[in-house]
Amino acid sequence: MQGLIMESQLLISSILKHADRNFGDREIVSIKADDPLHRCTYAECFRRTRQLANALAKLGLSRGDRIATLAWNDHRHLECYYAIAGSGFVCHTINPRLFPEQIIFIINHAEDRWIFVDPLIVPLLEKIAAQISAVEGFVVMTDDAHMPETSLKNAVSYEALIGSESDLFEWPVFDERTASALCYTSGTTGDPKGVLYDHRSTILHAYAEVMPDTLNLGSTDCVLPVVPLFHVNAWGIPYCAVMVGSKLVFPGPKMGDGETLYNLLEQEQVTLALGVPTVWLALLQYARDTGQKLNHLQRTVIGGAAVPEAMIREFRDAHDVTVIQAWGMTEMSPLGTASTPKSGSENWTPDEYIQMQTKAGRSVFGVEMRIVNDAGVELPWDGVAYGALQVRGPWICSGYFKLEGNSDAHTDDGWFDTGDVATINPDGYMAITDRTKDVIKSGGEWISSIDVENTAVGHDGVAEAAVIGVPHPKWTERPLLVIIRAEGVELSRDDMLAWLEGKIAKWWIPDDVVFVDEIPHTATGKIKKIELRKQFADYRLPS
Ligand code: ADP
């Protein structure tokens, strides 16, 4: 017997309709190439979204067609998110920091028909125009007054495209499993792979994200996503923050600038900000150098890479801000876990609380996780055993775009292998120790490069640290610590080794420390260990 509940499709346009009706006066603040501080309300933004939907309807597209965006975080990009997906097309966000060859591959693989591009990114597309000739036209995200001279085919300014359109639009109703957005993984090896989200997965993910033990997001919040709209849906913020009516602050192209971020956080009274560890380094540094405190920010969600303990402490001690570490990936929409307290935490000491925050966190309802050994046998949640981390759930990809049924990351029994190695403690807190491919195996035992790196960056003299395995005649592999010194600091190999002493297991202490000026990063800001290992291929440990 089935229940007697209405048939109602979970569609992205329903978020917009709800927010428009209930939070029409909520503000969206954006830094843009053509406006240093643009303000509009939800109602204005959604009126423009309907105009854009009417403009898209005239382009001769069919449901499921891909329309790409190459743009920074601002209200126009948000309008694209809703107009494209709400119309039944697929919003394909592209990371402008990828290599040109990757961007060419992605655009052709996705068969993007039109591209919305930020004026600052137009030169990048002009350079590759000949290789993406199937694209029918380009919308430059500005007005006619600021429209750059461009050789791009059928180029039109965003404002000219929508300007004369009606602001009445009836959002179509279709199956909630219809594809809504597409995002390619950066692909440290091989070609990038496309993750295709649908309306249902997006809405379920948004519900999970606003829950108290996840982001605890509501209409009185003001949210600043420093995470880009061009990568993994800015961690779902465009959907979940709009769903509950939070004020939104978009930093445009100024995402990495500590001073801009500080001023935005203060002036707009931001309560929740989200970003990868590197952006917070810039912000904390600026606050430290200028002797200023963050007066409104209550919590910051940090993920995408392990969060150093020193960062969690500085946010708490200098700014009274609670760090929520989160873990996830492109294939997971991206949210998997959040490090928030659970019952019993009332009795934790401040240090125990910090220990919880240094972990990736507990799985949110909707994400099941398990750790398995090399033979695929499930390992206990004892905080000690570590193995390959696998997940499943309604917002985790079941395959890759145009590679359906051809993924070696999916197991026969329906789990997705994340490529991460982790432990899970009896309370359900998961901690990432490494990427499977980066694991250092010494004398048959794994060394957690993430723990070693985090302990190293706890030293004031270290700006960035990376640990890689190098061949060793007796132990197979031993860790080598690669360090960028903080500016103007004297720091020797022996200082560093002495600092690690007692803070990590003795046999994890690297055999050597080398100092470099630069550490290679991927387009999403992660350390490129493959590159680093190549760089040190001829390196020999001191005997
Ligand atoms: P890509 O850079 O290929 O797009 P993602 O942005 O999807 O990849 O990043 C996912 C990966 O980032 C995870 O599999 C994990 O290795 C790493 N990661 C994300 N959050 C954390 C975290 N809190 N701690 C450690 N690693 C993390």
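All values below were derived from every heavy atom in this structure, side-chain atoms included, with hydrogens, water molecules and symmetry-related copies excluded. Keep in mind the model is a prediction, meaning the values are calculated, not measured.
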Practice problem: Determine yes or no for a side-chain-to-main-chain donor-acceptor pair under 3.5 angstrom, with Gln269 supplying the side chain and His296 the backbone. | Solution: no
Quiz prompt | Minimum heavy-atom distance between Ala33 and Pro119, given as atom pair plus value | solution = CB-CG, 4.1 Å
Quiz item: Roughly how far, to the nearest 0.5 Å, is CG of Leu78 from CD1 of Ile237?
Solution: 11.5 Å
Quiz item: Residues two or more places apart in sequence or in another chain: which of them pass salt bridge (Lys or Arg N to Asp or Glu O under 4.0 Å) with Arg39?
Solution: Glu27, Glu268
Self-check item: Qualifying residues under ring-ring contact (aromatic ring centres under 6.0 Å, His included), relative to Trp114, sequence neighbours excluded
Solution: none
Quiz prompt | side-chain hydrogen bond (donor to acceptor under 3.5 Å, both in side chains) contacts touching residues 202-218 (sequence neighbours left out) | solution = Asp213-Arg362
Practice problem: Any chance you could measure Leu283, atom CG, to Leu294, atom CG, to the nearest 0.5 Å? | Solution: 5.5 Å
Exercise. Check whether any side-chain heavy atom of Arg50 sits under 4.5 Å from a side-chain heavy atom of Asp20, and report yes or no.
Key: yes
Quiz item: side chain to side chain donor-acceptor pair (under 3.5 Å) between Thr185 and Glu331: does it pass, once the steps are laid out?
Solution: CA-CA 8 Å; Thr185 62; Glu331 286 88 338; 4.9 Å; no
Self-check item: salt bridge (Lys or Arg N to Asp or Glu O under 4.0 Å) partners of Arg47, counting only residues at least two apart
Solution: none
Exercise. May I ask you to test the His521-Glu464 pair for a side-chain heavy-atom distance under 4.5 Å?
Key: yes
Exercise. First locate atom OG of Ser333, then atom CH2 of Trp395, and finally report the distance between them rounded to the nearest 0.5 Å.
Key: 8.0 Å
Exercise. Assess the side chains of Glu79 and Tyr158: does a donor N or O sit below 3.5 Å from an acceptor N or O?
Key: yes
Would you be so kind as to tabulate the donor-acceptor pairs closer than 3.5 Å made by side chains of residues 128-138, with sequence neighbours excluded?
| from | atom 1 | to | atom 2 | distance (Å) |
| --- | --- | --- | --- | --- |
| Glu136 | OE1 | Arg113 | NH2 | 3.2 |
| Glu136 | OE2 | Arg113 | NE | 2.7 |
| Glu136 | OE2 | Arg113 | NH2 | 3.3 |

Quiz item: Between the side chain of Asp221 and the main-chain N/O of Val223, is any donor-acceptor distance below 3.5 Å?
Solution: no
Exercise. Report yes if the side chains of Thr69 and Leu229 come closer than 4.5 Å at any heavy-atom pair, otherwise no.
Key: no
Practice problem: With the side chain counted from C-beta on, respond yes when Arg66 and Leu182 share a heavy-atom pair under 4.5 Å apart, and no when they do not. | Solution: yes
Quiz item: Is there side-chain contact between Met311 and Pro277, with heavy atoms separated by less than 4.5 Å?
Solution: yes
Practice problem: Give a yes or no answer on whether the side chain of Ser219 reaches the backbone of Ser246 with a donor-acceptor pair at less than 3.5 Å. | Solution: no
Practice problem: Search all heavy atoms of Thr418 against all heavy atoms of Met329 and return the closest pair with its distance. | Solution: O-CE, 3.2 Å
Quiz item: In this structure, are over 12 heavy atoms from other groups packed under 6.0 Å from Asn22 atom CG?
Solution: yes
Self-check item: Side chain to side chain, Thr322 and Tyr353, heavy atoms closer than 4.5 Å
Solution: yes
Practice problem: Under the side chain to side chain contact (heavy atoms under 4.5 Å, CB included) rule, collect the residues that match up with Ala68, sequence neighbours excluded. | Solution: His92, Ile94, Asp112, Ile115
Exercise. Would you name the heavy atoms of Trp280 and Val301 that are closest together and state the gap between them?
Key: NE1-O, 4.0 Å
Self-check item: Short N-O contact, Arg435 and Asp420, less than 4.0 angstrom
Solution: yes
Quiz item: Is the centre of the Phe250 ring less than 6.0 Å from the centre of the His77 ring?
Solution: no
Quiz prompt | Pairs touching residues 54-64 that satisfy side-chain hydrogen bond (donor to acceptor under 3.5 Å, both in side chains), sequence neighbours left out | solution = Lys58-Glu165
Quiz prompt | Criterion side-chain contact (heavy atoms from CB on, under 4.5 Å) against Cys45, the qualifying member of Leu248, Ile28, Val242 | solution = Ile28
Quiz item: Can you tell me how far the CD1 atom of Ile84 sits from the CD1 atom of Ile67, to the nearest 0.5 Å?
Solution: 4.5 Å
Quiz item: Residues two or more places apart in sequence or in another chain: which of them pass ring-ring contact (aromatic ring centres under 6.0 Å, His included) with Tyr239?
Solution: Tyr81
Exercise. Supply the atom-to-atom distance Leu215 CG to Ile324 CD1, rounded to the nearest 0.5 angstrom.
Key: 6.0 Å
Exercise. With sequence neighbours left out, write down each residue that passes side chain to side chain contact (heavy atoms under 4.5 Å, CB included) with Lys32, or none if nothing qualifies.
Key: Ser30, Asp34, Asp35, His38, Asp74, His75, Arg76
Quiz item: Side chains of Leu152 and Val122: closer than 4.5 Å at any heavy-atom pair?
Solution: yes
Practice problem: Kindly compute the distance separating OG (Ser87) from CG (Leu59), expressed to the nearest 0.5 Å. | Solution: 10.0 Å
Self-check item: Qualifying residues under side chain to side chain contact (heavy atoms under 4.5 Å, CB included), relative to Arg200, sequence neighbours excluded
Solution: Leu10, Glu176, Arg177, Asp198, Leu204, Pro394
Exercise. Only counting residues at least two apart or in another chain, list the ones meeting salt bridge (Lys or Arg N to Asp or Glu O under 4.0 Å) with Glu453.
Key: Lys529
Practice problem: Could you pull out the closest heavy-atom pair between Ala208 and Phe365, with the gap in Å? | Solution: CB-O, 4.1 Å
Practice problem: Could you list the residues that satisfy side chain to side chain contact (heavy atoms under 4.5 Å, CB included) with Arg313, not counting sequence neighbours? | Solution: Glu309, Arg316, Asp317, Asp351, Ile354
Exercise. Over all heavy atoms of both residues, which pair between Ala318 and Lys293 is shortest? Give the atoms and the distance, please.
Key: O-CG, 3.5 Å
Quiz prompt | Atom of Gly64, atom of Val90 and distance for their closest heavy-atom approach | solution = O-CG2, 3.6 Å
Quiz item: Does some side-chain heavy atom of Val462 sit less than 4.5 Å from a side-chain heavy atom of Arg485?
Solution: no
Exercise. Would you sort out whether Arg97 and Phe230 count as a side-chain contact (heavy atoms from CB on, under 4.5 Å), showing the intermediate values?
Key: CA-CA 10 Å; Arg97 294 184 186 133; Phe230 60 67; 3.9 Å; yes
